[in-house]
Amino acid sequence: MQACLTGHFITLEGPEGSGKSTHIRRLADRLKAADHDVVVTREPGGTPLGEAIRGLLQHDTAGESPVPRAEVLLFCASRAQLVQTVIRPALERGAWVLSDRFADSTFAYQGFGRGLELAELQTANAFATGGLVPDLTLLLDLDEDNARRRITMRYGTEAAADRFEREPPDFHARLREGFLALAAAEPQRFRVIPSGRALEDVADDVWQAVCDRFSDVPGAT
Ligand code: T5A
C-alpha cells in the first residue's frame with residue numbers, strides 16, 4: 001500500500017524562457033516566509049542521476065543525440081528517480097513540492113513537438129511516476145518571439161543555446177499549442193498564466209492561482 005501524500009505538488013510548465021525558474025524561486029520564498037516546508041526541484045535533474053541525464057539530453061554529453069524514443073526513456077528515467085527519492089518522501093511528510101517541469105513537458109515536447117503518440121507517452125510516464133499527478137500545474141504561456149528574445153539575451157547568441165532551444169520555429173510553435181491543448185483538456189489541474197507581461201504581474205497571478213487552489217496559504221479564500 002502506498003503512503004498517504006499530505007503535501008502539495010505544484011508544477012510549472014511552459015516554453016523555454018517563459019519564467020518558470022524565476023517564478024518558482026519567488027513562490028518558494030513566499031511559502032517559506034509563511035513557515036511552510038518547501039522543496040524545489042527541476043526536470044530533467046533534481047537528483048545526482050537526473051543531473052547526469054540532463055547533460056545527456058541537453059548537451060549530448062555522450063557524444064551523440066538520443067533518438068526520440070531514447071529521449072523519452074531518459075526523461076522518464078530521470079523522473080522515476082526524482083519521484084521515488086525526492087518528491088514522494090517530501091509529499092509524505094507534508095511538504096510543498098515545486099517542480100520546474102514534469103510530465104506535461106514530455107507530452108508537449110516529445111508528443112506535440114517530436115510527434116510521438118501521446119497514449120504511449122502517458123503509459124511510459126505512468127510507469128515512471130507510479131501514477132503521481134500534480135495537484136496544480138501553472139502553465140506560463142509565452143509566444144515564440146518573446147521566448148527567443150529572452151533566450152538570446154541570456155546567452156548573448158542563439159548558438160550557445162541547448163539542443164531543445166535550437167529546434168526550429170515550427171517545433172516551438174507545436175509545443176506551445178501542445179501545452180495549451182493539455183491545459184484545455186484538464187482545466188481543473190491547470191492554470192494558464194500569460195507570461196509576456198511585467199514580472200510582478202505574472203508573480204501576482206502565480207500567487208493568486210496557489211491561493212485559489214489551496215486553503216492553507218495566507219491570503220487563500
Ligand atoms: N524537456 C524537459 C523535454 O523535452 N521533455 C521533458 O519531459 C522535460 C522535463 C529543459 C529542456 O528539456 C526539455 C524542455 C527544455 O528544453 P530547462 O533548462 O530546464 O531545459 O528549461 P528551460 O525552459 O530552457 O529553462 P529556462 O531557464 O530557459 O526558462 P525558464 O525557467 O522558463 O525562464 P527563466 O525564469 O530562467 O527566465 C528566462 C529569462 O527571462 C527573464 C528572466 O529574468 C531570465 O533572464 N524573465 C522575464 N523578463 C521579462 N519579463 C518577464 N515577465 C520575465 N520573466 C522571466
Side-chain angles (χ1 to χ4, degrees), residues 11-29 40-47 50-51 53-61 65-83 87 98-116 118 120-122 124-129 134 137-156 158 160-168 171-172 174-176 178-179 182 193-206:
T11 56
L12 273 81
E13 297 278 8
E16 294 103 13
S18 56
K20 299 175 300 300
S21 318
T22 304
H23 289 290
I24 222 164
R25 276 195 304 272
R26 285 176 159 240
L27 178 57
D29 288 348
V40 174
T41 190
R42 68 172 183 178
E43 277 212 7
T47 65
E51 292 298 326
I53 291 174
R54 186 178 174 92
L56 296 172
L57 282 162
Q58 285 184 275
H59 300 291
D60 292 341
T61 50
S65 297
V67 298
R69 282 171 187 272
E71 188 174 275
V72 170
L73 293 171
L74 286 167
F75 278 117
C76 284
S78 171
R79 187 166 305 141
Q81 189 76 9
L82 182 67
V83 167
I87 297 180
L98 314 181
S99 185
D100 188 338
R101 297 192 182 281
F102 194 65
D104 296 301
S105 281
T106 303
F107 305 144
Y109 281 78
Q110 281 64 51
F112 290 89
R114 300 256 188 258
L116 294 175
L118 273 186
E120 290 184 338
L121 297 177
Q122 282 159 351
N125 179 65
F127 178 74
T129 61
T137 297
L138 304 172
L139 172 55
L140 299 184
D141 180 45
L142 186 66
D143 66 85
E144 205 195 306
D145 287 347
N146 252 320
R148 208 156 274 275
R149 204 168 303 126
R150 285 187 193 172
I151 290 164
T152 310
M153 266 172 62
R154 177 171 48 193
Y155 293 117
E158 271 189 39
D162 73 28
R163 197 163 64 81
F164 295 96
E165 290 163 340
R166 289 195 304 268
E167 287 289 341
F171 177 90
H172 290 280
R174 283 198 302 281
L175 76 87
R176 182 183 180 210
F179 272 128
L182 293 168
I193 299 177
S195 89
R197 300 175 295 151
L199 222 144
E200 293 304 327
D201 292 343
V202 179
D204 285 348
D205 283 0
V206 166

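Every number for a ligand or one of its atoms is a count from 1 in the order of the listing.
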Between ligand 1 and S18, can you find any atom pair, the residue atom being a heavy atom, that is separated by under 4.0 Å?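 So S18 counts as touching ligand 1.
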
Considering both backbone and side-chain atoms of [X], is one of its nitrogen or oxygen atoms within less than 3.5 Å of a nitrogen or oxygen in ligand 1?
X: G17; result: yes
X: E71; result: no
X: A198; result: no
X: R101; result: yes
X: T22; result: yes

Please determine whether a side-chain nitrogen of the Lys or Arg among [X] and [Y] lies less than 4.0 Å from a carboxylate oxygen of the Asp or Glu.
X: R176; Y: D141; answer: yes
X: E120; Y: R69; answer: yes
X: E51; Y: R42; answer: yes
X: R163; Y: E71; answer: yes

Shortest non-hydrogen contact between D100 and S21, atoms and distance: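 Closest pair (atom of D100, atom of S21, distance): OD2-OG, 3.0 Å.
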
Return the option from R54, E43, R25 holding the heavy atom at the smallest distance from atom 17 (P) of ligand 1. R54

Who gets closest to atom 30 (P) of ligand 1 by heavy atom: E16, K20, Q58? K20

For ligand 1, which atoms, with element, lie under 4.0 Å from some heavy atom of [X]?
X: S195; result: 52 (N)
X: L199; result: 52 (N), 53 (C)
X: E165; result: 24 (O), 28 (O)
X: R79; result: 7 (O), 9 (C)

Qualifying residues under side-chain hydrogen bond (donor to acceptor under 3.5 Å, both in side chains), relative to E144, sequence neighbours excluded: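 E144 satisfies side-chain hydrogen bond (donor to acceptor under 3.5 Å, both in side chains) with no residue once adjacent residues are dropped.
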
Please check: side-chain N/O of R114 versus main-chain N/O of P68, any donor-acceptor pairing under 3.5 Å? no

Checking contacts here: is it the side chain or the backbone of Q110 that comes within 4.0 Å of ligand 1, counting heavy atoms only? Could be both or neither.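 The side chain, only.
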
Go through the structure and list residues passing ring pair (Phe, Tyr, Trp, His ring centres under 6.0 Å) with F102, not counting sequence neighbours. F9

Please lay out, stage by stage, how T11 and S99 fare under the test side chain to side chain donor-acceptor pair (under 3.5 Å). CA-CA 5 Å; T11 56; S99 185; over 6 Å; no

